[in-house]
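Take a look at the structure set out below.
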Number of protein chains: 2
Amino acid sequence: MIVTDKKCRKSQQRKVILDELQKSTAHPTAKQLYQLVKKRLPDVGMATIYRNLDHLEKNNQVIKIGSKQNETRYDGKISKHCHLICRDCNHIIDLMDVDKIIIKSKELKQSKFKIDPNYAEIFGTCNACC
Amino acid sequence: MIVTDKKCRKSQQRKVILDELQKSTAHPTAKQLYQLVKKRLPDVGMATIYRNLDHLEKNNQVIKIGSKQNETRYDGKISKHCHLICRDCNHIIDLMDVDKIIIKSKELKQSKFKIDPNYAEIFGTCNACC
DNA sequence: CTGGATGCAAAGGTTTTGCACGCTA
DNA sequence: TAGCGTGCAAAACCTTTGCATCCAG
């Protein structure tokens with residue numbers, strides 16, 4: 001579902017932030033984005049970056065990678081399994097019985113990326129949050 | 001590859017931290033683990049929790065969930081795609097051409113978890129780090 | 001004009017580090 | 001006894017928030 005915020009104003013800052021993020025392929029951090037934006041708007045503040053990233057994410061113009069929680073979580077089970085992570089409540093479900101994760105992608109083959117089968121995080125919405 | 005640290009000592013603290021983590025199914029944060037450990041070792045400090053979690057992770061006894069980087073990263077591409085994340089260098093590769101991710105798991109079906117196809121993070125090692 | 005957006009500075013959280021002391025092997 | 005591990009406190013980070021001011025619509 002795409003939410004369009006009718007009350008939002010298109011400030012220079014917001015435009016530049018979105019533009020820099022769309023131009024980049026590096027998946028930058030807020031700080032890196034700040035450096036990029038600062039080149040075009042030297043007076044920009046860090047708070048503006050964060051506020052706009054939140055705003056843009058809520059309006060589905062930007063993706064925040066990973067869990068929305070900013071505390072690291074740990075798992076004492078080291079046998080092969082993967083995690084389902086609820087983007088709403090941060091609940092994590094273990095999938096212990098996954099034989100194989102099949103991803104059909106040419107880019108994956110070309111990338112020569114070596115998938116660690118113990119480590120996949122699949123995001124979505126858990127039963128309680130649906 | 002399993003790395004066993006020959007110089008490590010089995011302090012009470014380390015044993016209790018590992019034990020609590022293995023008993024838990026909640027994927028606790030460092031702080032939550034601290035509360036659990038504190039019940040058994042009232043004088044334990046937060047630094048001990050963090051140092052041991054690092055140590056245990058390096059020895060493959062504990063999994064740190066998510067990217068090892070603790071800064072949030074953002075993506076300006078909102079079309080459906082998933083991410084390959086290198087656990088060594090934190091490089092993120094976009095897979096734009098994934099039709100479907102197939103996960104064979106009974107637990108997944110039972111969980112009624114609703115996967116967001118735009119959001120999968122597959123961890124491993126990138127070409128440069130192999 | 002109006003109220004959303006900004007910049008600055010301060011506060012809030014999490015994680016790391018320095019240091020003297022304690023404890024395992 | 002050697003040197004790894006601990007607890008405490010301070011520091012280092014990342015992110016959020018309060019407030020006066022600015023500016024887009």
Side-chain angles (χ1 to χ4, degrees), chain A residues 3-21 26-59 61-75 90 92, chain B residues 3-21 26-59 61-75 90 92:
Chain A
V3 179
T4 33
D5 188 345
K6 281 154 192 163
K7 290 176 194 165
C8 84
R9 293 179 186 180
K10 282 165 194 150
S11 68
Q12 276 307 307
Q13 287 86 337
R14 183 167 300 160
K15 278 185 218 162
V16 173
I17 289 167
L18 185 56
D19 182 56
E20 286 295 336
L21 202 44
H27 309 87
T29 63
K31 200 178 185 181
Q32 291 168 333
L33 206 43
Y34 171 67
Q35 309 292 354
L36 292 169
V37 174
K38 210 174 172 63
K39 285 180 190 167
R40 292 166 63 178
L41 303 170
D43 290 334
V44 75
M46 204 59 206
T48 300
I49 305 293
Y50 279 110
R51 276 190 285 238
N52 275 295
L53 286 171
D54 274 3
H55 179 100
L56 290 166
E57 200 213 0
K58 289 202 179 84
N59 289 283
Q61 294 178 274
V62 151
I63 289 173
K64 201 169 172 177
I65 297 175
S67 162
K68 287 182 181 174
Q69 194 181 241
N70 50 12
E71 273 176 280
T72 304
R73 294 174 66 175
Y74 295 87
D75 192 341
N90 289 310
I92 300 179
Chain B
V3 179
T4 32
D5 188 345
K6 281 155 193 163
K7 289 176 194 164
C8 85
R9 293 180 187 177
K10 281 164 194 150
S11 69
Q12 276 306 309
Q13 288 85 337
R14 184 167 299 160
K15 278 186 220 163
V16 173
I17 289 167
L18 184 56
D19 183 57
E20 287 295 336
L21 202 44
H27 308 86
T29 63
K31 201 178 185 181
Q32 291 168 333
L33 206 43
Y34 172 66
Q35 309 291 354
L36 292 170
V37 174
K38 211 174 172 61
K39 285 181 191 168
R40 292 166 62 177
L41 302 171
D43 290 333
V44 76
M46 204 57 205
T48 299
I49 305 293
Y50 279 109
R51 276 190 285 237
N52 275 296
L53 286 171
D54 275 2
H55 179 99
L56 289 166
E57 200 213 1
K58 288 202 182 84
N59 288 284
Q61 295 180 273
V62 151
I63 289 173
K64 202 169 171 177
I65 297 175
S67 162
K68 287 183 181 174
Q69 196 181 239
N70 50 13
E71 276 176 277
T72 304
R73 294 174 66 176
Y74 296 87
D75 192 341
N90 289 310
I92 300 179

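The figures that follow rest on heavy atoms only: side chains count, while hydrogens, waters and symmetry mates do not. Predicted, not measured: the structure shown is a model, and the values here were computed from it. So that the names make sense, note that chain A is the first sequence line, chain B the second, and so on, each numbered from 1.
Looking only at distances, a side-chain donor or acceptor of B:Arg14 sits under 3.5 Å from a matching main-chain atom of B:Arg9.
Mapping A:Tyr74 and A:Arg51 onto DNA chain C by nearest heavy atom places A:Arg51 closer to the 5' end of the strand. DNA chain C is contacted by both A:Gln13 and B:Asp54; A:Gln13 maps to the nucleotide lying nearer its 5′ end (nearest heavy atom per residue). Comparing B:Leu41 and A:Lys64, the nucleotide of DNA chain D nearest to each residue sits closer to the 5' end for B:Leu41.
If you take CD on B:Glu71 and NZ on A:Lys31, they are separated by 6.5 Å, rounding to the nearest 0.5 Å. Between the OH atom in A:Tyr74 and the NZ atom in B:Lys64 there is a gap of 4.5 Å [rounded to 0.5 Å]. B:Gln13 CD to B:Thr48 OG1: the interatomic distance, rounded to the nearest 0.5 Å, is 6.0 Å. The CD1 atom of B:Ile17 sits 11.5 Å away from atom CD of B:Gln61, with the distance rounded to the nearest 0.5 Å.
In this entry the distance linking CE of A:Met46 with P of D:dC14 reads 8 Å, nearest Å. Rounded to an integer number of Å, the gap from B:Asn90 CG to D:dC14 P is 13 Å. The CG atom of A:Asn52 sits 15 Å away from the C1' atom of D:dT15 (whole-angstrom rounding). Atom NE2 of A:His55 is separated from atom C1' of D:dT15 by 19 Å (rounded to the nearest Å). In this structure, the CD1 atom of B:Ile49 is 17 Å from the P atom of C:dT17, given to the nearest Å. In this entry the distance linking CD of A:Glu71 with P of C:dT16 reads 13 Å, nearest Å. One atom, NZ of B:Lys15, and another, C1' of C:dC23, lie 12 Å apart when rounded to the nearest Å. In this entry the distance linking CD1 of B:Ile65 with P of C:dT15 reads 13 Å, nearest Å.
In this structure, A:Thr72 reaches the C:dT15 phosphate: one of its side-chain N or O atoms is under 4.0 Å from OP1 or OP2. At least one side-chain nitrogen or oxygen of A:Tyr50 sits closer than 4.0 Å to the OP1 or OP2 atom of D:dT15. Proximity of B:Asn70 to the phosphate of C:dT16: no side-chain N or O atom is located under 4.0 Å from OP1 or OP2. Between A:Lys31 and D:dC14, a side-chain N or O to OP1/OP2 separation shorter than 4.0 Å is present.
In this structure the side chain of A:Gln12 reaches within 4.5 angstrom of the side chain of A:Lys15, judged on heavy atoms.
Within 4.0 Å of A:Thr29, counting heavy atoms only, lies no atom of the nucleic acid at all.
A salt bridge does not link A:Glu20 with A:Lys39: none of the charged nitrogens is closer than 4.0 Å to a carboxylate oxygen.
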Atom pairs under 3.5 Å, N or O on each side, protein against nucleotides 23-25 of chain D: can you list them with distances?
from: D:dA24; atom 1: N3; to: A:Arg9; atom 2: NH1; distance (Å): 3.3

